[in-house]
Amino acid sequence: MKFLDELRAEHVLIDAVLGAFRSWVELRGEGKGEAADGARFLAFFQLWAGHHHHAREELLLFPALVRELELPANRGPIHVLTGDHQRLGGLLEQLAPLLESGAEMTAVRPLAIDYSRGLWLHLDAENSVLLPEAEFRLVRSGVHALPDREPSAEERAARDGGIALVARYPGFEDLAIIRGEGCVICPAFGSRCDGVEKEWWNQSEWDELPHRVG
Ligand SMILES: [Fe+2]
Ligand SMILES: [Fe+2]
């Protein structure tokens with residue numbers, strides 16, 4: 001589905017820009033890299049990752065899942081992922097004045113680590129559970145397309161800035177987090193979300209279970 005494919009492609013870029021951002025933080029700590037790139041990273045995360053990407057998930061995708069699949073909005077995956085967006089937005093609000101003013105990396109680093117780890121795990125949950133489950137179930141319900149919106153000129157400029165930053169700074173592998181696919185790896189599993197079968201399956205799937213397992 002085109003809209004979901006767009007979201008997947010945006011995840012690839014956001015993932016890469018997070019790596020470039022973490023490398024930039026380490027380089028700046030050594031007096032290397034370009035101080036002005038801090039504002040470019042900020043513009044990417046605010047305008048492209050936040051205003052364009054997260055907002056379209058919240059305003060266009062999640063309501064479609066509630067409407068078409070009867071997923072609850074007040075618990076489970078939609079609630080968890082919306083909460084992630086809010087927490088990450090809050091971290092970005094704290095980072096903004098630091099990145100705009102060229103603050104020392106001792107102040108930037110803890111927030112950059114928290115933001116990047118949170119967003120990486122969020123991307124993993126969406127790539128491995130949200131998007132495949134949503135696509136399978138929407139198509140099965142007869143929904144083959146969802147409305148989307150084009151990025152604004154400002155959002156496109158922020159995206160292009162992110163692409164340039166990925167070319168300028170190396171990737172970064174954070175060995176302190178375990179990335180992977182599926183619910184078991186998700187920090188919300190078992191506390192705020194009970195996993196695919198309990199959160200996504202409808203009654204007819206549960207009714208079919210005895211036939212499936214023979
Ligand atoms: Fe998201
Ligand atoms: Fe996303």
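Numbering of ligands and ligand atoms starts at 1, following listing order.
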* I would like to know whether R156 and H52 meet side chain to side chain donor-acceptor pair (under 3.5 Å); could you show each step before the answer? => CA-CA 9 Å; R156 279 200 304 273; H52 189 62; over 6 Å; no

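- In this structure, F44 CZ and L165 CG are separated by 9.0 Å, a value rounded to the nearest 0.5 Å.
- E181 has its side chain out of reach of D124: every pair of non-hydrogen atoms, C-beta onward, lies at least 4.5 Å apart.
- Looking only at its N/O/S atoms, H11 has NE2 as the one nearest to the Fe ion (ligand 2).
- Rounding to the nearest 0.5 Å places CD of E6 at 4.5 Å from NZ of K2.
- Residue pairs that meet the ring pair (Phe, Tyr, Trp, His ring centres under 6.0 Å) test with at least one member in residues 80-119, sequence neighbours left out, are F45-Y115, H54-H85, H85-H122.
- Ion pair E155/R56 not flagged as a salt bridge, since none of the NZ, NE, NH1 or NH2 atoms sits closer than 4.0 Å to an Asp/Glu carboxylate oxygen.
- Sorted by chain and number, the protein atoms of type N, O or S within less than 2.8 Å of the Fe ion (ligand 1) are E57 OE1, H85 NE2, H122 NE2, E126 OE2.
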